[in-house]
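Residue numbers start at 1 and run along the sequence shown. Every heavy atom of this structure was used, including side-chain atoms; hydrogens, water molecules and symmetry mates were not. Counting starts at 1 for both ligands and their atoms, in listed order. Note that the structure is predicted; figures quoted are calculated from it, not measured.
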Amino acid sequence: MSHDEFPTDAPAVVTCGLPYANGDLHVGHLRTYVGGDVYSRALKTLGQETAFVCGSDMHGTPVAVNAEKQGVSPEEFALEWHETYRETFPRFDVDFDNYGHTHDETNTELTREIVGELDANGHIYEKEIMVAYDPVDDQHLPDRYVEGSCPYCGEKARGDECDEGCQRHLEPGEIEDPVSSITGNPAEYRERTHKFFEVSEFEQYLSEFLDRLEGTSNAQNQPREWIESGLQDWCITRDMEWGIDYPGDDESTKDLVLYVWVDAPIEYISSTKQYTERVGSDVYDWEASWKNGGEIVHIIGRDIIQHHSIFWPAMLNGAGYTEPRAIMASGFVTLGGKGFSTSRDRAVWADEYLDEGFHPDLLRYYLATNGGFQQDVDFSWDKFRDRVNTELVGTLGNFVYRSLLFAARNYGGTPDATVSEAVDERIADAVSKFTGAINDYSIRKAGNAAIRLAQFGNEYIQRNEPWKLTDQEPEQAAQVIYDCVQLAKALAVLFEPIAPETCQRLWEQLGEHGDVAEMTADAAHQAPQGSFDEPDELFEKIEEERVERLNEKLDQRVAAATAGDSEQQDTDESMTDDSTGDTTDSAATDLEPIVDERISFDDFQDIDLRVGEIVSAESVDGADKLAKLEVDIGHEVRQLVAGIKQLHDLDELPGTRVIVVANMEQAELFGVESNGMLLAAGDEADILTTHGDAALGTRVH
Ligand SMILES: [Zn+2]
């Protein structure tokens, strides 16, 4: 590793990918923001000087197009969303030290300054290129104003991104068979002068940079492949009015604005600068981090890796700024295995979650620890309930409550004793695991370090049975309870990054003063001294009925969204999909990492897999993808509904041997009962079958 371990002497900056000022936030978006907040809080717990910054992305064609449709100015449109985000993040305790936006004065000035520096350093040149143009509407068609097919993979693509295929960034003029996404008119290509950033010159630098780069492996591996296949220079101007004007007063650039991906990441610097302007450079010095080797950590969704691992470091290097130390690129959150979709209402909305009355810390815990950061995780209310009830209520909450209750009733707070060596060592071990996890860029492992400490606490109090000791061996009882209070204090400190509000409550229950968020990991070992009253429970159990009701609501919505899948491929709808966290069904072209959490053989045995044979297959009315299958599984013929219609010729399926999850919960899809699940691989639903002739109904081990 070429970097010193955290905490270092240099100031750190943690940033989150800018939300596009273009639509409501859903739980899928929150994964990146919660991840960033947890990470920056954890760095602060390690004693690392850290600024946590972000801002709204105001520019770009999606904003311009949607504003046009609503008949308002892009600025007015974007500012309204900006205000919504600014208010929503703190409701999840995502507490940016500064939250700006890309259209403010700081970012406009700094963007023009940096582009000016790149130009002065000889990294920008002018070139005549062909750009899409609508001859009927007499309008240039930058980025999302144009749609067509990807020149690399042939999938349907937007002007600037192959969003449904290979995920490549597309340069102006690259898209084939261009059509205006506004009017549907076939577009023609016209010659225009544009500015290019010479990314290809940075190939050597970027290769070395990627060797130094820390974070998640996807942010290094994919860019290496792109470099190997050769880097293209990058067109950084657009024929548009909405955006930041190209600097200088050159006649050739007077109608051009900068491409949104130039000024968007610069907001990371601008927002840090605003933070310094507000608190003073003695509290935090933005230049020390951005110009003098700070620890820059970017937390993003994996759909914007290319912008952060290639374009951005090249810009920073070319203009003389500090390169990122780490990029953590998260997988997506899916619903029933499919991407969230803003435009299709296939989502659990941020507001909706809070309106249900759930505490933000529950979702923070779920998003931070449910799967590795670069894996896709599926959101389900059942799993949410399960993890809240088992880990937060059953383990952490239970340990803290029984310990503090006993302490308050018998000693009026912390008993008179000192911590035992064994417990102190166990806390040291948790602190070390927490520190290791943060240096490993794993917020999940950091969360697990705390939960395992709580598990230890539960076993400790159970094993030592202090309630039996109070009369006969009062000193020993006091010792055990003192240890438990010390463990509770350590938990408040180490779990704070994930559950800040709950841990502050715990801190106060312990009779401690001040703000637990201000504490460093050392506080986990400092003697608890408070007297305190009987505690309240930290977490509330989620009842099954509540989840059943939420599932019903969600199922209806997902079914409706699935039903609309093909009709909604029209141009208007797909443009409102934002690019900060959405994924479409075929987006996962890269292999998902293997789940690192192992399951026992017993867990596997719970799944009753059987050999079956398809007897009949027919479409489900009103659903584009669903097929109704009759499958013979030896004991009986089952009716299954599977999302394979568009991928297979249904007439050819009868006689095909399949593997069925026989004990899958029954479900109803589009009014058709589904009694089991068919195994199939990947987005193409490649159906699993048998190699030999195992009898129908044979169990699969
Ligand atoms: Zn493509």
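By the 4.0 Å N-to-carboxylate-O rule, Asp160 lies too far from Arg238 to be salt-bridged with it.
For Phe196, the ring pair (Phe, Tyr, Trp, His ring centres under 6.0 Å) criterion is met by Tyr125, not counting sequence neighbours. Applying the salt bridge (Lys or Arg N to Asp or Glu O under 4.0 Å) rule to Arg557 yields the partners Asp345, Glu352; only residues at least two apart in sequence or on another chain are considered. Looking at residues two or more places apart in sequence or on another chain, you find a ring pair (Phe, Tyr, Trp, His ring centres under 6.0 Å) between Tyr441 and Tyr39.
Around the Zn ion (ligand 1), the protein atoms of type N, O or S that sit closer than 2.8 Å are Cys150 SG, Cys153 SG, Cys162 SG, Cys166 SG.
Judged purely by atom type and a 3.5 angstrom limit, His648 has no side-chain atom pairing as donor or acceptor with the backbone of Lys645.
Heavy atoms of other residues, nucleotides or ligands lying less than 6.0 angstrom from CD of Glu191 number more than 12.
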